[in-house]
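In what follows, every chain begins at residue 1, and chains take the letters A, B, ... in the order their sequences are listed.
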Number of protein chains: 2
Amino acid sequence: MATYSITQVSKKYHLPVSTLRYYEDVGLLCDVDRNGKNRIYDQENLDRLDAIVCFKETGMSIAELQNFFRFQDNDDDLDDMVALLAKHCKRVDDQLALLEKNRKHIQRKFKYYSDIRQAKQNHQPMPKWEDYVLTDS
Amino acid sequence: MATYSITQVSKKYHLPVSTLRYYEDVGLLCDVDRNGKNRIYDQENLDRLDAIVCFKETGMSIAELQNFFRFQDNDDDLDDMVALLAKHCKRVDDQLALLEKNRKHIQRKFKYYSDIRQAKQNHQPMPKWEDYVLTDS
DNA sequence: ATATCACCTCAAGTACACTTGAGGTAAAGT
DNA sequence: ACTTTACCTCAAGTGTACTTGAGGTGATAT
């Protein structure tokens with residue numbers, strides 16, 4: 001099975017080498033094999049890294065990730081695991097709703113200022129903020 | 001027109017009083033009126049706070065917000081303003097796409113572990129990870 | 001009268017997630 | 001032989017965004 005050096009993983013995941021070592025320090029990436037002192041990453045490590053990246057991108061903290069993997073590695077904690085995942089699902093849904101709401105406001109502002117610039121260039125009357133209704137695209 | 005004390009604004013926006021003062025310190029909320037030493041927030045201040053909250057929730061840093069308001073308060077910087085907003089629009093779109101992708105992965109994990117728990121309780125065969133295809137809901 | 005409340009300032013402290021730097025090893029290229 | 005490259009450890013430092021604490025003021029309740 002394919003293995004990777006730390007530099008290769010760093011490039012594959014667009015994460016600094018220092019971050020990979022840091023994740024190991026705090027116990028997120030464990031069981032990384034060694035060739036002497038040098039780290040060797042296998043597919044299992046990368047799968048774990050995938051999870052770390054996904055969870056981090058959705059706003060999970062290091063501490064919660066530590067919990068998650070503790071639960072994952074321990075059959076007894078299945079309830080805690082499901083609870084944690086349910087909570088995180090909800091959080092992601094909330095994030096999505098919020099992001100979509102905010103997106104509209106930002107687009108509104110963007111269109112407004114674009115049109116101001118346009119109007120200035122063409123010496124036309126200035127647009128009015130009130131005319132910029134919140135739309136879906 | 002309606003005005004608000006700092007505590008009222010704090011409650012209305014679910015932001016600590018200290019944060020409101022901090023935003024003022026770093027120049028995001030300026031022109032806040034005073035009754036003696038006490039801050040009095042008017043609608044204009046709240047509009048600005050709305051923008052701050054919206055931008056912050058979409059991942060804009062304090063430094064970028066400072067730029068944004070500098071551009072807003074300065075007619076010359078219209079190009080910079082439009083550029084900043086365009087950039088931020090794109091960032092929000094990227095966030096949305098990423099969030100939707102990650103959402104699927106997290107839901108997949110959630111379903112998988114929920115079903116494991118279910119199966120354990122009912123002494124049924126364990127589900128297989130491969131069977132949990134990525135879906136849209 | 002006094003005490004409690006709601007506010008104030010300003011400097012220092014905190015939490016989180018890394019990043020940097022000093023000093024070192026071990027193998028490969030010239 | 002030597003130097004460049006690719007790693008390593010471990011402690012200390014950094015950036016961001018606040019938060020806390022000490023010490024104080026001025027109006028309202030008892």
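Between the CG atom of N38(B) and the C1' atom of dT25(D) there is a distance of 9 Å, given to the nearest Å. What separates CG of D33(B) from P of dC8(C) is a distance of 13 Å, to the nearest Å. Between the P atom of dT16(D) and the CD1 atom of I52(B) lies a distance of 18 Å, rounded to the nearest Å. Rounding to whole angstrom units, CG of residue L20(B) and C1' of dA6(C) are separated by 15 Å. Atom CD in E64(A) sits roughly 13 Å away from atom C1' in dC16(C) (whole-Å rounding). Residue R39(B) contributes atom CZ, which lies 13 Å from atom C1' of dA6(C) at whole-angstrom precision. In this structure, the CD atom of E24(A) is 17 Å from the C1' atom of dA17(C), given to the nearest Å. Atom-to-atom, CG of N35(A) to P of dA6(D) comes out at 16 Å; the value is rounded to the nearest Å.
The pair D50(B)-K56(B) does not count as a salt bridge, with every side-chain nitrogen at least 4.0 angstrom from each carboxylate oxygen. D94(A) has a carboxylate O that lies under 4.0 Å from a charged side-chain N of K90(A), or vice versa, which qualifies the two as a salt bridge.
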Protein-proximity profile, nucleotides 17-23 of chain D, B/S/- by nucleotide at the 4.0 Å heavy-atom cutoff, equals BBBB---

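In summary, the side chains of R91(B) and H88(B) do present a donor paired with an acceptor at a separation below 3.5 Å, with no hydrogens or angles considered.
Under a cut-off of 6.0 angstrom, the local environment of CG in D31(B) is sparse, with at most 12 non-hydrogen atoms contributed by other residues, nucleotides or ligands.
A close approach under 4.0 Å does not occur between any side-chain nitrogen or oxygen of R21(A) and OP1 or OP2 of dA11(D). Contact between the side-chain N/O atoms of R34(B) and the OP1/OP2 oxygens of dT9(C) is found at a separation under 4.0 Å.
With Y132(A) as the fixed residue, the ring-ring contact (aromatic ring centres under 6.0 Å, His included) test singles out one of F110(A), Y112(A), Y113(A): Y112(A).
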